[in-house]
Number of protein chains: 2
Amino acid sequence: MKRTTQHIDYSDDAVRIARYAKALSHPVRLTILKLLSNQSCCFTTDLVDVLPLAQSTISQHLKELKDSGLIQGEINPPKIKYCINQEKWEEAKALFEVLFSKDFTKIKIT
Amino acid sequence: MKRTTQHIDYSDDAVRIARYAKALSHPVRLTILKLLSNQSCCFTTDLVDVLPLAQSTISQHLKELKDSGLIQGEINPPKIKYCINQEKWEEAKALFEVLFSKDFTKIKIT
DNA sequence: AAAACTAATCGTATATTTGCGATATACAAA
DNA sequence: TTTGTATATCGCAAATATACGATTAGTTTT
């Protein structure tokens with residue numbers, strides 16, 4: 001997109017909420033997160049079996065979730081076991097709690 | 001995008017969480033929501049004054065927030081007063097609470 | 001060493017998002 | 001009625017997202 005206006009510096013909180021929200025903004029990724037929650041962890045193979053999407057597509061969604069921090073992959077040759085990253089998950093939970101609380105009026109956004 | 005695979009029917013909850021998350025996935029929209037929270041309501045003019053973005057761009061973000069249901073506009077000639085839609089806001093809050101709770105393993109996604 | 005399996009990445013196509021300026025629309029004020 | 005103010009929408013451009021199949025890379029098994 002055109003970026004003719006000055007860059008806006010948002011607060012860390014705003015950037016983090018936005019990033020987590022984006023990770024959560026696709027039903028497939030919610031499905032993956034639910035599967036990981038259900039089984040505590042799971043292999044990509046299992047996801048590919050369950051979801052009606054190409055392996056490459058699922059891999060892309062996993063990458064996005066990984067980039068957001070919400071999940072982590074553990075190498076378990078020859079497979080990779082994905083789990084929810086509890087620390088980040090709790091952070092996201094806390095951030096959304098603030099967002100939906102009265103304290104939202106106080107948090108720094110820009 | 002190519003849609004060669006079958007359409008996936010996600011649950012209402014999944015679709016709603018994803019939609020709310022998408023609305024929250026941009027720092028500008030978080031900023032707008034914070035401003036509305038702070039002042040309970042506010043006119044577009046005020047937003048245009050505060051944010052370093054073109055009026056048309058802000059209007060677009062307002063439209064997205066409106067479409068998500070999180071805000072509503074009240075005509076107040078010649079201006080439009082935007083407010084947070086408390087009902088939908090509470091719904092979003094509840095959905096994210098479930099998402100981050102143990103009950104997430106139980107909610108229907110697909 | 002060869003074959004099989006797992007997962008990531010590449011290249012490509014299309015859709016959507018984000019931004020802008022310009023224009024349209026609707027109402028209020030002069 | 002003309003002018004001004006407020007907001008939405010249009011048309012465009014660039015970036016990002018979403019999907020696929022094909023290929024690559026790394027392990028494991030045979």
Side-chain angles (χ1 to χ4, degrees), chain A residues 1-8 10 14-15 18-32 35-36 41-68 70-83, chain B residues 1-8 10 14-15 18-32 35-36 41-68 70-83:
Chain A
M1 76 214 75
K2 255 185 288 183
R3 286 212 168 277
T4 55
T5 44
Q6 64 273 39
H7 175 65
I8 306 175
Y10 298 101
V15 170
R19 197 166 49 214
Y20 285 132
K22 180 164 250 175
L24 298 172
S25 73
H26 195 293
V28 167
R29 291 195 286 272
L30 293 174
T31 308
I32 291 172
L35 290 167
L36 295 185
C41 284
C42 99
F43 296 110
T44 313
T45 340
D46 305 331
L47 299 172
V48 173
D49 288 346
V50 170
L51 300 169
L53 292 168
Q55 177 263 323
S56 57
T57 304
I58 291 168
S59 195
Q60 256 178 339
H61 284 299
L62 286 170
K63 181 171 160 45
E64 275 200 62
L65 287 169
K66 237 190 312 177
D67 288 348
S68 79
L70 289 175
I71 69 169
Q72 65 197 33
E74 188 184 305
I75 293 167
N76 204 315
K79 302 188 176 186
I80 292 179
K81 192 169 67 171
Y82 280 103
C83 307
Chain B
M1 74 216 74
K2 256 183 288 184
R3 286 212 167 277
T4 54
T5 44
Q6 64 272 39
H7 175 63
I8 306 175
Y10 297 102
V15 170
R19 197 166 48 216
Y20 285 132
K22 181 165 247 176
L24 298 172
S25 74
H26 195 294
V28 166
R29 293 196 285 272
L30 292 174
T31 308
I32 291 172
L35 289 166
L36 295 185
C41 285
C42 95
F43 297 109
T44 314
T45 340
D46 306 331
L47 298 172
V48 174
D49 288 346
V50 169
L51 300 168
L53 292 168
Q55 178 264 323
S56 57
T57 303
I58 291 168
S59 194
Q60 255 179 337
H61 283 298
L62 285 170
K63 181 170 161 44
E64 276 200 62
L65 286 169
K66 235 189 314 177
D67 288 348
S68 80
L70 289 175
I71 70 169
Q72 64 198 32
E74 188 183 303
I75 293 165
N76 205 316
K79 303 188 177 187
I80 292 179
K81 193 168 66 171
Y82 281 104
C83 308

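So you know, we letter chains A, B, ... as the sequences are listed, proteins then strands, and number each from 1.
Counting to the nearest Å, the P atom of dT16(D) and the CZ atom of Arg29(A) are 15 Å from each other. Between the CD atom of Gln60(B) and the C1' atom of dG19(C) there is a distance of 7 Å, rounded to whole Å. Taking atom NZ on Lys63(A) and atom P on dA19(D), their separation rounds to 16 Å, with Å as the unit. If you measure from atom CG of Leu62(B) to atom C1' of dT18(C), you get 14 Å, rounded to the nearest angstrom. Rounding to whole angstrom units, CG of residue Leu65(A) and P of dA17(D) are separated by 13 Å. When rounded to the nearest whole Å, the span between CD1 of Ile32(B) and C1' of dT7(D) equals 14 Å. Rounded to whole angstrom, the span from the CG atom of Asn76(A) across to the P atom of dT6(C) amounts to 13 Å. Rounded to an integer number of Å, the gap from CD1 of Ile80(B) to P of dA28(C) is 12 Å.
For the OP1/OP2 pair of dA6(D) and a distance below 4.0 Å, the side-chain nitrogens and oxygens of Tyr82(B) include no atom meeting the criterion. Within the structure, a side-chain polar atom (N or O) of His26(A) is placed less than 4.0 Å from OP1 or OP2 of dA19(D). Within the structure, a side-chain polar atom (N or O) of His61(A) is placed less than 4.0 Å from OP1 or OP2 of dA19(D). Considering only side-chain N and O atoms, Ser59(A) lies under 4.0 angstrom from the phosphate OP1 or OP2 of dA8(C). For dC20(D), one of the phosphate oxygens OP1 or OP2 lies less than 4.0 angstrom from a side-chain nitrogen or oxygen of Thr57(A).
Residue contacts shown for Lys22(B) are limited to sugar-phosphate atoms, with no base heavy atom under 4.0 Å away. Across all strands shown, Gln55(B) has heavy atoms under 4.0 Å from base atoms, whether or not it also approaches the sugar-phosphate. Using a 4.0 Å heavy-atom cutoff across all strands shown, Thr45(A) reaches sugar-phosphate atoms only and no base atom. Within 4.0 Å (heavy atoms only), Lys66(A) reaches sugar-phosphate atoms of the nucleic acid but no base atom. Residue-level contact check: Glu64(B) touches the backbone only, with heavy atoms under 4.0 Å from sugar-phosphate atoms and none from bases. Within 4.0 Å of Thr44(A), counting heavy atoms only, lie sugar-phosphate atoms of the nucleic acid but no base atom.
For the pair Val50(A) and Thr31(A), the minimum side-chain heavy-atom distance is 4.5 Å or more. Counting heavy atoms from C-beta on, the side chains of Pro52(A) and Ile8(B) come closer than 4.5 Å. A 4.5 Å side-chain heavy-atom check between Cys42(A) and Leu47(A) finds at least one atom pair inside the cut-off. The side-chain heavy atoms of Leu24(A) and Arg29(A), taken from C-beta on, include no pair separated by under 4.5 Å. Considering only heavy atoms from C-beta on, Gln55(A) comes within 4.5 Å of Ser59(A) through its side chain.
Closest-nucleotide positions on DNA chain C for Ser56(A) and Ser56(B) were compared, and the one nearer the 5' end corresponds to Ser56(A).
Residue Tyr82(B) forms a side-chain contact (heavy atoms from CB on, under 4.5 Å) with just one option from Asp46(B), Thr44(B), Leu65(B), and that option is Thr44(B).
The listed nucleotides are dT18(D), dG21(D), dA7(C); the one nearest the side chain of Phe43(A) is dA7(C).
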